[in-house]
Undergrad: 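Please read through the structure below; I'll follow up with questions.
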There are 2 protein chains.
Amino acid sequence: MMPWDLKSDRPIYTQILEEMKKRIISGYYQPGDKLLAVRELAQEAKVNPNTMQKAMMELERENLVFTVRTTGRYITEDTELIAETKKEFAASHVENYYMQMKDLGFAKNEMIELLSSYEEEKE
Amino acid sequence: MMPWDLKSDRPIYTQILEEMKKRIISGYYQPGDKLLAVRELAQEAKVNPNTMQKAMMELERENLVFTVRTTGRYITEDTELIAETKKEFAASHVENYYMQMKDLGFAKNEMIELLSSYEEEKE
DNA sequence: TTCTCTGTATCATCCGATTAATACAATAAT
DNA sequence: ATTATTGTATTAATCGGATGATACAGAGAA
């Protein structure tokens with residue numbers, strides 16, 4: 001079971017929304033997959049069902065999931081939308097990294113160099 | 001005058017804290033520079049003086065600014081600390097970019113490629 | 001039909017962040 | 001000595017997010 005590790009520095013429902021998006025665009029959830037019930041997901045993430053529900057509503061507003069009333073909720077089968085969402089997500093992270101570093105006075109080649117020499121932490 | 005553009009998705013005082021840090025480590029504020037009074041800064045950022053004060057207290061806790069009672073607040077002259085803070089700040093952004101992209105299934109060379117081909121938006 | 005599971009809706013309550021309005025103490029400037 | 005400006009402290013009120021408890025409606029399963 002995938003951990004949720006939610007922090008308290010931002011609204012919980014926002015973090016859940018992002019985590020769900022990540023799970024969809026990364027392929028952890030496949031198109032058409034049935035999601036656990038809101039109550040179960042809430043228990044899993046250790047949040048109130050209302051909070052999970054709020055995140056789901058937003059996810060649905062973006063068409064990344066759809067509901068079959070009284071049956072459950074499913075991941076969209078619109079692979080085009082998923083691909084597009086992934087593209088946007090990646091682009092926003094590239095931009096964020098670039099902008100933050102630029103504000104600090106780093107040149108692009110330095111940004112690339114730092115990333116290249118980055119080694120993941122082990123433990 | 002540097003804009004503050006504060007969002008409502010995270011605590012204001014946290015955002016102010018980060019913005020101040022950026023201004024210090026990027027050199028926008030120089031060591032020893034005198035800051036505007038809390039009330040003025042608050043007015044400039046369009047927030048309550050108490051909120052600005054809270055951010056300043058935290059900034060001071062990290063020794064990035066110091067106070068001369070009844071005279072004002074100044075940027076630290078500990079250039080070593082500033083350099084170290086900048087290093088940490090950059091490292092955390094590198095890690096963040098790397099981890100987010102990795103979770104989405106991107107390989108490091110793809111991350112580098114996306115960054116290389118990133119072109120800043122004009123308008 | 002009856003039971004159970006689904007999403008959904010509606011309360012009241014709590015908590016932290018923010019705002020607001022003041023007040024105070026210390027010092028530099030006048 | 002007086003005034004203005006500084007950071008700081010205090011108290012109350014407000015607001016949004018999160019929780020908790022509960023209820024309802026619809027569809028599938030028994």
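In what follows, chains carry the letters A, B, and so on, assigned in the order in which the sequence lines appear, proteins first and then strands, with residues in each chain numbered from 1. These numbers were taken from a predicted model, which means no experiment stands behind them.
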Undergrad: Is it the case that B:E44 and B:W4 place a side-chain donor and acceptor less than 3.5 Å from each other?
TA: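 On atom types as modelled, these side chains qualify, holding a pair under 3.5 Å.
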Undergrad: Nearest 0.5 Å, what's the CG-CZ distance between A:D33 and A:R73?
TA: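 Answer for the CG-CZ pair, A:D33 versus A:R73, is 15.0 Å.
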Undergrad: Run the side-chain contact (heavy atoms from CB on, under 4.5 Å) check on A:I112 and B:I112 step by step: do they pass?
TA: CA-CA 6 Å; A:I112 292 172; B:I112 293 173; 3.9 Å; yes
Undergrad: Can you tell if the side chain of A:M99 reaches within under 4.5 Å of the side chain of B:Y118, non-hydrogen atoms only?
TA: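 They are in side-chain contact.
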Undergrad: Are any protein N/O atoms closer than 3.5 Å to N/O atoms in nucleotides 12-16 of chain C? If there are, list each pair with its distance.
TA:
none

Undergrad: Kindly indicate whether the side chain of A:I16, heavy atoms from C-beta on, has any atom under 4.5 Å from the side chain of A:L6.
TA: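 Yes. Closest side-chain heavy atoms under 4.5 Å.
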Undergrad: Within the structure shown, what part of the strands sits under 4.0 Å from A:E40 by heavy-atom distance: base, sugar-phosphate, or nothing?
TA: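 Contact class for A:E40: sugar-phosphate only.
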Undergrad: Are B:Y74 and B:L35 side-chain neighbours, meaning at least one heavy-atom pair lies under 4.5 Å?
TA: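 When only atoms from C-beta onward are counted, B:L35 and B:Y74 do not touch, as no gap falls below 4.5 Å.
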Undergrad: If the condition is side chain to side chain donor-acceptor pair (under 3.5 Å), which residues does A:K86 pass it with, not counting sequence neighbours?
TA: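 A:K86: no side chain to side chain donor-acceptor pair (under 3.5 Å) contacts found.
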Undergrad: Calculate, to the nearest 0.5 Å, the distance between atoms CE and CG belonging to B:M101 and A:L115 respectively.
TA: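 The distance works out to 9.5 Å.
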Undergrad: List, with names and distances, any nitrogen or oxygen atoms from the protein found under 3.5 Å away from nitrogen or oxygen atoms belonging to nucleotides 1-3 of chain C.
TA:
none

Undergrad: I'd like to compare against my own output: the B/S/- annotation of nucleotides 20-25 of chain D with a strict under-4.0 Å heavy-atom distance to protein.
TA: BB-B--
Undergrad: Whole angstrom is fine here: how far is it from NZ in A:K54 over to C1' in C:dT10?
TA: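 Distance, rounded to whole Å: 15 Å.
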Undergrad: Is it true that A:R10 and A:E18 make a salt bridge, defined as a side-chain N closer than 4.0 Å to a carboxylate O?
TA: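 Yes, A:R10 and A:E18 are salt-bridged.
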Undergrad: To the nearest angstrom, how far is A:F66 atom CZ from C:dG7 atom C1'?
TA: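 About 14 Å, once rounded to whole Å.
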Undergrad: With a 4.0 Å cutoff (strictly under), does any side-chain N or O of A:T67 reach OP1 or OP2 of C:dT6?
TA: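 Indeed not, no polar side-chain atom of A:T67 lies that close.
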Undergrad: Round to a whole Å and report the spacing from CG of A:L36 to C1' of C:dC5.
TA: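 Between C1' of C:dC5 and CG of A:L36: 13 Å.
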Undergrad: Nearest-Å distance, OH (A:Y13) to C1' (D:dG16)?
TA: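 In whole Å, D:dG16 C1' and A:Y13 OH are 9 Å from each other.
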Undergrad: Let me know the distance between NZ of B:K34 and P of C:dT27, rounded to the nearest Å.
TA: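 After rounding, the reported distance stands at 15 Å.
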Undergrad: Starting at CD1 of B:I82, measure out to CD1 of B:I25 and round the result to the nearest 0.5 Å.
TA: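 These two atoms lie 9.5 Å from each other.
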Undergrad: Start at the 5' end of DNA chain C and walk down; is the nucleotide closest to B:T14 or to A:E60 reached first?
TA: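 Closer to the 5' end of DNA chain C: A:E60.
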Undergrad: Tell me which residues in residues 71-78 of chain B put a heavy atom below 4.0 Å from DNA chain D, sorted by number, or none.
TA: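 Residues of residues 71-78 of chain B that come under 4.0 Å of DNA chain D are, in numerical order, B:T71, B:G72, B:R73.
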Undergrad: Below 4.0 angstrom, N of the basic side chain to O of the carboxylate: do A:E58 and A:K54 qualify?
TA: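 No, A:E58 and A:K54 are not salt-bridged.
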Undergrad: I'd like to know if A:K21 pairs up with A:E88 as an ion pair, taking the criterion as any Lys NZ or Arg NE/NH1/NH2 lying under 4.0 Å from an Asp or Glu carboxylate oxygen.
TA: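 Salt bridge between A:K21 and A:E88, a charged N being under 4.0 Å from a carboxylate O: no.
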Undergrad: Specify the separation, in whole Å, of atom CD of B:Q53 and atom P of C:dA17.
TA: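 Atom CD in B:Q53 sits about 16 Å away from atom P in C:dA17.
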Undergrad: Rounded to whole angstrom units, what separation is found between the CG atom of A:L6 and the P atom of D:dT19?
TA: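 Rounding to the nearest Å, CG of A:L6 and P of D:dT19 are 9 Å apart.
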Undergrad: A:D103: which residues meet the side-chain contact (heavy atoms from CB on, under 4.5 Å) condition with it, sequence neighbours left out?
TA: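 If we apply the side-chain contact (heavy atoms from CB on, under 4.5 Å) test to A:D103, skipping adjacent residues, the hits are B:K22.
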Undergrad: Output the rounded distance in Å from CD (B:Q43) to P (C:dA20).
TA: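 Atom CD in B:Q43 sits about 13 Å away from atom P in C:dA20.
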Undergrad: Tell me whether the centres of the aromatic rings in A:Y97 and A:H93 are closer together than 6.0 Å.
TA: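 A:Y97 vs A:H93: aromatic centres not under 6.0 Å.
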